[in-house]
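Here's the structure we're looking at; comments come further down.
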Amino acid sequence: MGIITFTSDLGNKDFYVSAVKGKILSLNPDAQIIDISHEIEKFNIIEAAFNVKNIIKDFPEKTVHIISVLPEATETSPHLICEYKKQYFIASDNGIFSLIFESNPDKIIEPVITYDSDSTTFPTKDIFAKIAAHLSKGGKPEDLGGIRDSYLERTTFLPVYSENFIQGTVIYIDSYGNLFTNITQRLFEDVRNKRRFTILIRGKEYRISSISKSYNDVPSGEIVALFSDTGYLEIANNLGNASNLLGLQKNDTIRIEFEQ
Amino acid sequence: MGIITFTSDLGNKDFYVSAVKGKILSLNPDAQIIDISHEIEKFNIIEAAFNVKNIIKDFPEKTVHIISVLPEATETSPHLICEYKKQYFIASDNGIFSLIFESNPDKIIEPVITYDSDSTTFPTKDIFAKIAAHLSKGGKPEDLGGIRDSYLERTTFLPVYSENFIQGTVIYIDSYGNLFTNITQRLFEDVRNKRRFTILIRGKEYRISSISKSYNDVPSGEIVALFSDTGYLEIANNLGNASNLLGLQKNDTIRIEFEQ
Amino acid sequence: MGIITFTSDLGNKDFYVSAVKGKILSLNPDAQIIDISHEIEKFNIIEAAFNVKNIIKDFPEKTVHIISVLPEATETSPHLICEYKKQYFIASDNGIFSLIFESNPDKIIEPVITYDSDSTTFPTKDIFAKIAAHLSKGGKPEDLGGIRDSYLERTTFLPVYSENFIQGTVIYIDSYGNLFTNITQRLFEDVRNKRRFTILIRGKEYRISSISKSYNDVPSGEIVALFSDTGYLEIANNLGNASNLLGLQKNDTIRIEFEQ
């Protein structure tokens with residue numbers, strides 16, 4: 001055994017993803033490799049982070065996560081291994097770790113691994129696959145390099161709020177057109193303090209004043225707000241596409257007003 | 001071991017499919033999960049049923065099938081486990097079972113499983129994954145709930161026929177543009193009774209008067225009729241796209257006339 | 001264990017790919033099946049060959065490769081098994097073997113396998129899956145049929161060159177828009193003979209006079225030439241799409257001129 005997840009913008013058409021898998025299986029024939037997504041928008045570490053962040057709790061301890069978006073190392077952004085919640089995360093130090101983790105990782109290691117050839121165009125295969133094979137066989141990250149104190153912090157837009165409102169943004173739209181905001185259930189409940197509220201979409205064009213537990217709490221075609229499995233406020237359209245219906249895109253604003 | 005197949009409209013871009021897999025592997029590290037398709041048209045249980053129906057005979061006994069299209073349970077459509085041809089099928093009672101099975105299942109169980117949290121938006125992970133892990137480890141469906149007599153029957157368009165004709169419809173178009181009709185080989189042979197016949201497409205615009213055994217029984221670019229591996233009459237275009245060439249879509253009519 | 005790779009134009013939406021996997025696992029429950037790509041352009045054996053060719057070195061000995069593009073056998077193009085670099089390749093004798101291998105295979109076998117039914121529309125499942133299961137369990141190709149001397153040779157465009165120039169063509173464009181030419185590193189170094197050079201793109205519109213080792217050797221948005229992991233000259237756009245930026249498609253010309 002030894003579970004390795006694989007998230008990338010490599011796409012499903014070309015041979016890249018399978019070359020990485022071949023390399024891993026050559027080094028650890030018992031590895032079980034699970035694709036998270038290879039259809040991440042090219043070079044978009046925010047989208048990759050959102051997907052990885054939301055599967056951590058569903059995988060067992062010791063799972064190894066390969067994250068290949070902007071995987072090339074530079075002198076200022078080396079490849080890193082982070083240990084977080086008893087799982088391992090392998091990526092380039094391009095800011096993605098700070099987008100995935102909600103607290104500091106337990107360990108940061110800068111591995112020293114050599115490329116297979118002069119070409120350094122495919123670090124996911126030459127470097128990440130070797131690290132993942134090592135860790136999935138029970139090896140320690142410390143075997144591969146020295147400890148580091150920190151990684152690149154990347155700031156993201158956080159919701160703005162005061163006593164009577166929260167203003168957040170759409171951070172992800174899934175293939176159903178469901179809109180994920182950056183408003184967490186915890187923030188919502190804290191500010192709400194058991195008061196009535198109205199979620200305002202596109203200014204005041206659409207209003208929702210309750211949180212549902214499932215999509216079909218509302219009739220087909222209606223807009224529904226809920227805290228999904230991700231912990232984020234999600235705006236959906238039961239049996240429809242909320243993004244299309246509401247004309248909302250990533251980075252658009254969602255505002256919640258609380259009764260005064 | 002323990003094979004679990006997974007059919008859904010969840011798409012391959014978002015983290016959903018892998019979250020379900022992580023949950024299954026957390027509960028049964030030896031499960032082998034095979035994706036049937038995650039590109040089923042959103043909410044289209046007919047398309048999902050067509051795909052699942054056609055792989056049953058290729059998987060071994062005890063295979064567990066997760067079918068996640070409209071997976072949310074309601075009071076009138078609970079989650080069900082069906083045992084059919086010594087395999088297990090997990091889905092919501094939305095009519096899909098009647099679209100997959102050609103005869104009554106041997107067993108119908110209504111499982112009692114609790115969600116992981118207040119949110120009931122992701123039953124495929126919270127409910128189906130747990131059932132699949134249990135069954136793939138050799139557990140019995142009866143361990144999970146009580147026996148039921150029936151599931152929701154959903155009617156589909158069946159071919160119309162008399163002594164001298166069969167009129168069917170296109171029920172599925174694959175990625176090659178091959179057209180699958182709802183006319184089975186058995187019905188065709190029964191009505192045909194060894195007579196000559198003509199398959200009429202788009203009224204009388206295209207005519208085929210023989211059944212081939214493989215696509216390349218006709219020259220490149222020609223239209224060919226055959227009974228595919230699915231048992232259904234298929235209209236194809238050797239090395240081309242029949243749907244585009246003939247301008248045929250799902251639900252369009254195909255008529256077969258037999259010599260009188 | 002027993003690794004089987006699977007390359008096809010079957011697409012990821014329909015049940016075909018999983019039916020083949022079900023058949024393999026029914027015959028060898030321990031097989032580990034790795035998808036190379038199922039999004040090969042329909043009927044395009046050149047694209048399939050490019051992808052398979054580039055993963056051979058990353059998979060271990062005894063790996064079995066199923067290649068399903070134009071898989072139907074005819075009297076003149078039977079199904080074949082080739083042993084090459086201690087791996088097995090299963091395909092129809094449609095010319096694809098000559099596009100994958102850089103030297104003669106060690107063995108060519110013409111297997112004798114029966115279809116599951118009268119329908120011969122799905123040889124990948126009825127024939128290739130059975131062969132792959134046999135080989136992945138340690139069986140020999142000779143167990144399945146007789147030895148052959150040769151397979152169909154298919155000619156491809158090779159670069160034209162003289163003492164002072166090489167003229168090649170774009171043979172593949174990946175999902176990033178990276179352009180792969182048919183100019184190998186070996187040919188380039190041989191003709192170059194340590195001289196200065198200029199890579200000319202779209203006549204003389206774009207010029208590159210150095211070979212980089214990684215994409216980010218040039219600033220974001222700039223054009224970069226490198227010998228990728230594949231061994232072919234690749235033209236890329238750091239953090240961009242070279243195919244779109246340069247307006248280059250498959251079969252377009254790339255010319256390298258060397259200092260006289």
Side-chain angles (χ1 to χ4, degrees), chain A residues 1-2 4 6 8-35 37-45 68-77 79 92 94 115-127 129-130 133, chain C residues 1-3 5-7 9 11-12 30 32-41 47-63 65 87 172-178 180 185 211-217 220 224 226-232 234 236 238-241:
Chain A
M1 273 299 292
I4 297 170
F6 190 3
S8 79
D9 62 354
L10 291 166
N12 285 313
K13 173 165 181 185
D14 307 313
F15 65 92
Y16 300 125
V17 166
S18 59
V20 175
K21 292 179 181 175
K23 177 67 101 177
I24 292 171
L25 293 173
S26 294
L27 297 169
N28 179 9
D30 295 325
Q32 184 148 9
I33 307 164
I34 301 293
D35 299 305
S37 174
H38 300 293
E39 300 292 350
I40 299 296
E41 190 188 17
K42 298 297 185 206
F43 318 123
N44 189 333
I45 62 172
S68 171
V69 177
L70 298 177
E72 288 188 282
T74 64
E75 279 185 34
T76 56
S77 64
H79 296 134
S92 175
N94 54 31
Y115 281 86
D116 290 0
S117 70
D118 259 14
S119 168
T120 63
T121 56
F122 202 175
T124 310
K125 193 185 76 178
D126 280 3
I127 308 291
K130 290 175 192 165
Chain C
M1 274 299 293
I3 296 175
T5 84
F6 190 3
T7 306
D9 62 354
N12 285 313
D30 295 324
Q32 183 148 9
I33 307 165
I34 302 293
D35 299 304
I36 306 300
S37 174
H38 300 294
E39 300 292 349
I40 299 296
E41 190 189 15
E47 208 173 276
F50 181 84
N51 279 282
V52 173
K53 186 187 186 83
N54 285 310
I55 54 91
I56 294 175
K57 68 178 178 307
D58 298 313
F59 279 84
E61 288 184 9
K62 300 197 175 165
T63 294
H65 304 280
Q87 300 183 354
Y172 191 82
I173 301 177
D174 74 13
S175 70
Y176 294 89
N178 297 331
F180 291 85
Q185 186 160 14
I211 298 289
S212 298
K213 291 207 172 172
S214 79
Y215 299 116
N216 58 19
D217 281 356
S220 166
V224 58
L226 34 75
F227 285 101
S228 77
D229 182 65
T230 64
Y232 292 109
E234 177 183 345
N238 186 25
L239 302 184
N241 185 307

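Quick note on labels: first sequence line is chain A, next is B, and so on, each numbered from 1. Small disclaimer: the values here were computed from a predicted structure and weren't measured.
Between A:Asn12 and C:Ser37, the closest heavy-atom pair is O-OG, 3.7 Å. When every heavy atom of A:Lys125 is checked against every heavy atom of C:Asp229, the shortest pair comes out as NZ-OD2, 2.8 Å. Residues A:Ser26 and C:Pro60 approach most closely at OG-CD, 3.3 Å, considering heavy atoms. A:Leu10 and C:Ser175 get closest at one heavy-atom pair: O-OG, 3.3 Å.
Remark: A:Lys42 NZ is packed, more than 12 non-hydrogen atoms of other residues, nucleotides or ligands lying under 6.0 Å away. No more than 12 heavy-atom neighbours from other residues, nucleotides or ligands sit within 6.0 angstrom of NZ on C:Lys62.
In this structure, no portion of A:Tyr115 lies under 4.5 Å from any heavy atom of chain C. Within the 4.5 angstrom heavy-atom criterion, no atom of C:Phe6 approaches chain A. When heavy atoms are compared at a cutoff of 4.5 Å, C:Gln185 does not approach chain A at all. Looking at A:Asp9, the atoms closer than 4.5 Å to chain C (heavy atoms on both sides) sit in the backbone and in the side chain alike. In this structure, chain A has heavy atoms under 4.5 Å from both the backbone and the side chain of C:Tyr215. With a 4.5 angstrom heavy-atom cutoff, A:Leu70 touches chain C only via side-chain atoms.
For the options C:Glu47, C:Glu61, C:Lys213, heavy-atom pairs under 4.5 Å to chain A are most numerous at C:Lys213. Of the listed residues A:Pro123, A:Ser117, A:Gly22, the one with more heavy-atom pairs under 4.5 angstrom with chain C than any other is A:Gly22. Ranked by non-hydrogen atom pairs under 4.5 Å with chain A, the options C:Asn51, C:Thr230, C:Ile40 are led by C:Asn51. Your options are C:Ile34, C:Thr7, C:Asn54, and the one with the most heavy-atom pairs under 4.5 Å with chain A is C:Asn54. In terms of non-hydrogen atom pairs under 4.5 Å with chain A, the most contact-rich of C:Asn216, C:Ile55, C:Leu226 is C:Asn216.
With a 4.5 Å cut-off on side-chain heavy atoms, A:Lys21 and C:Gln32 do not count as touching.
Ring planes of A:Phe43 and C:Tyr176: tilted class, angle from 30 to 60°.
The distance from the CG atom of C:Asn178 to the CG atom of A:Asp14 is 9.0 Å, given to the nearest 0.5 Å.
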